[in-house]
Amino acid sequence: MSDIRVRIAPSPTGPLHIGTARTALFNYLFARHNDGTFIVRLEDTDVVRSSIAYEKDILDGLHWLGLTWDEGPDVAGDADHGAFGPYRQMERLPIYREAAARLLAADLAYPCYCTPEELEADRRRQEAAHQPPRYSGRCARLTPAERAAFEAEGRVAALRFRVPEGVISFDDMIRGRVEIDTANLGGDFVIVRADRTPLYHFTVVIDDAAMRISHVIRGEDHLSNTPKHILLFRALGEAEPAFGHLPLILNPDRTKMSKRKSQTAIGDYIAEGFVREAMVNYLALLGWSTGTEEEVLSLEALVERFDVAHVQKAGAVFDRERLEWLNGQWIRRLPPDDVIDRLRPFLEAELAAGRIDRIPTDEEIRALLPVIQERLPTLGAIGDLIGFLFVDEVAVDVSVFPTKRWDLGTTHEALSAARDVIASVGQVSYEADELEPPLRRLAEERGWKAGDLFMAIRVAVTGRTA
RNA sequence: GCCCCCAUCGUCUAGAGGCCUAGGACGCCACCCUUUCAAGGUGGAGAUCAGGGGUUCGAAUCCCCUUGGGGGCACCA
C-alpha cells in the first residue's frame, strides 16, 4: 500500500449525482492504480438538508458502481471503519471545535457579530455599485469592550477566518500552476456559524489533514475555493495535499450539469436499466481517455490504464446516446445467468404495472436470450421486447398493420390463407424450416411479397411490428 | 461587476513541432446481410484545429492578444 490517500466526500443533501459518481470514480481509479487508499467521508454538516435517505442513496449508488472503499461507512446509518474515523462530519464536531478555538486564540480568526440582514444589505450595496461581493471587515478589529457590548445585546457571533494579503499559488495535477490573489477571495470568510456548526471550507480542510489525504481530486467548481483551503491548511499548521480539478460535466447547453436540465441522479439511470459496467465505462471516458482507441473498458481495465495526464481540462457534455450505446455493448457482453438475474427486477416491475400477467421462468428467459440480448438498449426495455409472450391475451390493434402495400382487406385475406396453410402443416416443433417454406409458397402463388405476409402474421400473433 | 479556468467534427475524444491533405467513437446518411426490429459489415457526409499576431526551415501542438464559453465570489456543499 502506498502513501496515496484520496477521498470522495459527498454531502447527503440529495441523491447520488452523476458528477459525484464520476469524481468518486476518478478518485477510485487513481487510488487503485497507485496502490493507494480510497476513502468515503460524509459531509453532513448542513443538518437541515441532510438526510439518512440520501445517505443511503449515495452509499448504495457507490456500491452499485462497484467502487469499493477502504475507509468510511458502508451502510447508511451504520458504523464506519478505518483508522481515521469517524467518517461522518457531524460525529467530528469536537475536532472542529478544538481547531476553531486554536485559530481564535492565535487571532487567526475572530468573532463576527454581523446579522444576516446587515450582510445582505452590504451585498446589495456592492451589487448596486457593480462591486464584487466582499465582507466589509466590520468586526475584524473590534475591541474587547465592543465585543462585550454586542454580547450584552444578545448577539451570537459567527467565527471568521482572517484572510491575509498575498498571492496563493499551487500546482494543480490537471491544470498546472494556478495563482490567485487573496484580495479576490471576498474578504474574511465564516468558518463557524453563529449556531456553532462548522462550515464546509473549514471542515474539509481539517478532515483532509486529519485523514492524511494526499491528493484532493474534485470538480473544477472548487478551483476558486482552493486558496481558501490552502490558507486554512497553513493556519492550522498542516501540510497541504496536492490538488487536481476535474473538468465539469455539462448540460447540452454547456452549463454545469444540473437537475433542471439533465437527469442527474444515478438512481434514475439504474431504474431505467443501465448496467454498472456501462455507467463506469462511460463516466471514465467523460473527461479522460486512454490515449488509445480503446473504448469498451471494464473497471479493472480502467484501473490498469488510468493516468492523470490524459484527464481533459475542458468541460464535457453528457451524451446519453453514447451511454446507451455502451450500455448495449455491455449487455451483450454479460454472461447469460447474469443477464437473467439483472432482468428479474424489471420483469417484476412489468408485472406490477400490469403490463404482463406472469413472470417468465429463468429457463424461458434463457431460451429468449439469443434474440433479446443484442436488442436491449437498457434492461428496462425488456417488457417492450418480450411482454407479448407473457400476457394471457394478446391485444391486436388493427391500426398497427402496415398499409403501405396492403389494405386491410388483403391483410385479412392473407391471414386466412396463412391460417389454412399452417393448419395443413399440422404438428410442428417450431423449427424455422417447418412453416416458412409452405408460407413462402403461398405468397408466391398469390403474387405477394413474402415479407408482407410475414409482417401480417407477426402483427396478428404478437400485436407488434417488431 | 471582480477573479480563476477553458477552447480539435453536432457530441466524447486522439494529437505532447515535422508521421496530420487532422485519426477513432457516438449520432446521422447510404449500401450489404435480412421475414420486421436490432446486431454486425462496408462506405459517406461532418473540424480552413475559435480568430488574429508572433517564435520556428516547419505549429492543431510554443508565446501574446482578441473573441467565445464555463466556474467561483453564502452563517450551501
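Convention: sequence-line order gives letters A, B, ...; per-chain numbering from 1.
Side-chain contact between A:Arg41 and A:Trp69 is absent, with no heavy-atom pair separated by less than 4.5 Å. Taking the side chain as every heavy atom from C-beta outward, A:Val311 and A:Phe306 approach each other to under 4.5 Å.
Contact annotation: A:Arg134 does not reach the phosphate of B:rC73 (side-chain N/O to OP1 or OP2, under 4.0 Å). For A:Arg320, no side-chain nitrogen or oxygen approaches OP1 or OP2 of B:rG27 to under 4.0 Å. For the OP1/OP2 pair of B:rU35 and a distance below 4.0 Å, the side-chain nitrogens and oxygens of A:Arg440 include at least one atom meeting the criterion. Taking only side-chain nitrogens and oxygens, A:Thr45 comes nearer than 4.0 Å to OP1 or OP2 of B:rA77. Between A:Ser289 and the phosphate of B:rA14, there is a side-chain N or O to OP1/OP2 separation shorter than 4.0 Å. Of the side-chain N and O atoms in A:Arg123, one or more sit less than 4.0 angstrom from OP1 or OP2 of B:rC75. Residue A:Gln312 places at least one side-chain N or O closer than 4.0 Å to OP1 or OP2 of B:rA14. Distances shorter than 4.0 Å separate some side-chain N or O of A:Arg332 from OP1 or OP2 on B:rG40. The side chain of A:Arg193 places an N or O atom within less than 4.0 Å of a non-bridging phosphate oxygen (OP1 or OP2) of B:rA77.
Counting only heavy atoms from C-beta on, A:Ser224 has its side chain closest to B:rG72 among B:rG72, B:rG27, B:rC12. Taking the side chain of A:Gln329 as heavy atoms from C-beta on, and the options B:rC26, B:rG40, B:rG70, the nearest nucleotide is B:rG40. Among the nucleotides B:rA25, B:rC4, B:rG72, the one closest to the side chain of A:Asn225 is B:rG72. Here B:rA74 is the nucleotide among B:rA74, B:rC5, B:rC3 with the atom lying nearest to any side-chain atom of A:Pro133. Nearest to the side-chain atoms of A:Tyr200 among the listed nucleotides B:rC37, B:rA25, B:rA77 stands B:rA77. Nearest nucleotide to the A:Ala314 side chain, out of B:rC5, B:rU13, B:rC6: B:rC6. Of the candidate nucleotides B:rA77, B:rU13, B:rC26, B:rA77 has the atom nearest to the side chain of A:Ser11. The side chain of A:Arg254 lies closest to B:rG69 when the candidates are B:rG69, B:rC76, B:rA14. Among B:rA77, B:rU11, B:rG24, the nucleotide with an atom closest to any side-chain atom of A:Glu293 is B:rG24. Listed nucleotides: B:rG1, B:rG70, B:rA38. Nearest to the side chain of A:Glu374: B:rA38.
Checking B:rC20 for Watson-Crick or G-U wobble geometry (two distances, each under 3.5 Å) identifies no partner in any strand. Across all strands shown, B:rC29 is found opposite B:rG43 as a Watson-Crick or G-U wobble partner, with both distances under 3.5 Å. Remark: B:rC2 base-pairs with B:rG72; criterion is Watson-Crick or G-U wobble with both hydrogen-bond distances under 3.5 Å. Judged by Watson-Crick or G-U wobble contacts below 3.5 Å, the nucleotide B:rA7 has B:rU67 as its partner.
Nucleic acid contact for A:Leu119: base, since at least one base atom lies under 4.0 Å from a heavy atom of the residue. Backbone-only contact: A:Glu179 has heavy atoms under 4.0 Å from sugar-phosphate atoms and none from a base.
Taking atom NZ of A:Lys313 as the reference point, atom C1' of B:rG70 lies 16 Å away to the nearest angstrom. Atom CD1 of A:Ile249 is separated from atom P of B:rC12 by 12 Å (rounded to the nearest Å). Whole-Å rounding puts the A:His222 NE2 to B:rC5 P distance at 17 Å. Here the C1' atom of nucleotide B:rA25 and the CG atom of A:Leu323 are 14 Å apart, to the nearest Å. Summarising the geometry, the separation between CG on A:Leu248 and P on B:rG69 is reported as 17 Å, rounded to the nearest angstrom. Following rounding to the nearest Å, A:Glu295 (CD) and B:rA14 (C1') show an atom-to-atom distance of 10 Å. Rounded to an integer number of Å, the gap from CG of A:Leu246 to P of B:rG72 is 15 Å. Spacing between atom NZ of A:Lys228 and atom C1' of B:rA77 amounts to 12 Å, rounded to whole angstrom units.
Spacing between B:rG54 and B:rA14 at atom P, rounded to whole Å, works out to 30 Å. When the C1' atom is compared between B:rA59 and B:rU21, the two are found 16 Å apart, to the nearest whole Å. Here, B:rA16 and B:rG23 have their P atoms 14 Å apart, quoted to the whole Å. Atom C1' of B:rC29 sits at a distance of 34 Å from the matching atom of B:rU67, rounded to the whole Å. The P atoms of B:rA30 and B:rU13 are separated by 29 Å, rounded to the nearest whole Å. Between B:rC3 and B:rG46, the two P atoms lie 42 Å apart (nearest whole Å). Look at the P atom in both B:rG27 and B:rG70: the space between them is 28 Å, to the nearest Å. Rounded to whole Å, the C1' atom of B:rG43 lies 31 Å from the corresponding atom of B:rA50.
Taking only distance into account, the side chain of A:His201 meets the base of B:rA77 through a donor-acceptor pair shorter than 3.5 Å. Contact of A:Arg375 with B:rC37 (side chain to base): a donor-acceptor pair of N or O atoms is detected under 3.5 Å.
Taking the 5.5 Å centre cut-off and the 30° plane limit, the aromatic side chain of A:Phe454 is classed as stacked on B:rU35.
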**Request:** Starting from the C-alpha separation in whole Å, work towards a yes-or-no answer on side chain to side chain contact (heavy atoms under 4.5 Å, CB included) for A:Arg305 and A:Trp288.
**Result:** CA-CA 11 Å; A:Arg305 292 164 180 68; A:Trp288 176 78; 4.1 Å; yes

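Judged by distance alone, the side chain of A:Thr197 and the main-chain N or O of A:Arg193 form no donor-acceptor pair under 3.5 Å.
With a 6.0 Å cutoff to the six-membered ring centre and a 45° limit on the axis angle, A:Arg160 counts as a cation-pi contact of A:Tyr135. Figure legend: cation-pi geometry between A:Lys228 and A:Phe189, with NZ or CZ positioned under 6.0 Å from the six-membered ring centre and within 45° of its axis. Cation-pi geometry between A:Arg276 and A:Phe274 is not met: the NZ or CZ atom fails to fall both under 6.0 Å from the ring centre and inside 45° of the normal.
A salt bridge between A:Arg322 and A:Glu295 is present, with a side-chain N of the basic residue lying under 4.0 Å from a carboxylate O of the acidic one.
Closest-nucleotide positions on RNA chain B for A:Arg49 and A:Met455 were compared, and the one nearer the 5' end corresponds to A:Met455. Mapping A:Ala316 and A:Gln131 onto RNA chain B via the closest heavy atom, the residue that lands nearer the 5' end is A:Gln131.
Ring-plane geometry between A:His222 and A:His229 is classed as tilted, the angle between the planes lying from 30 to 60 degrees on a 0 to 90 degree scale.
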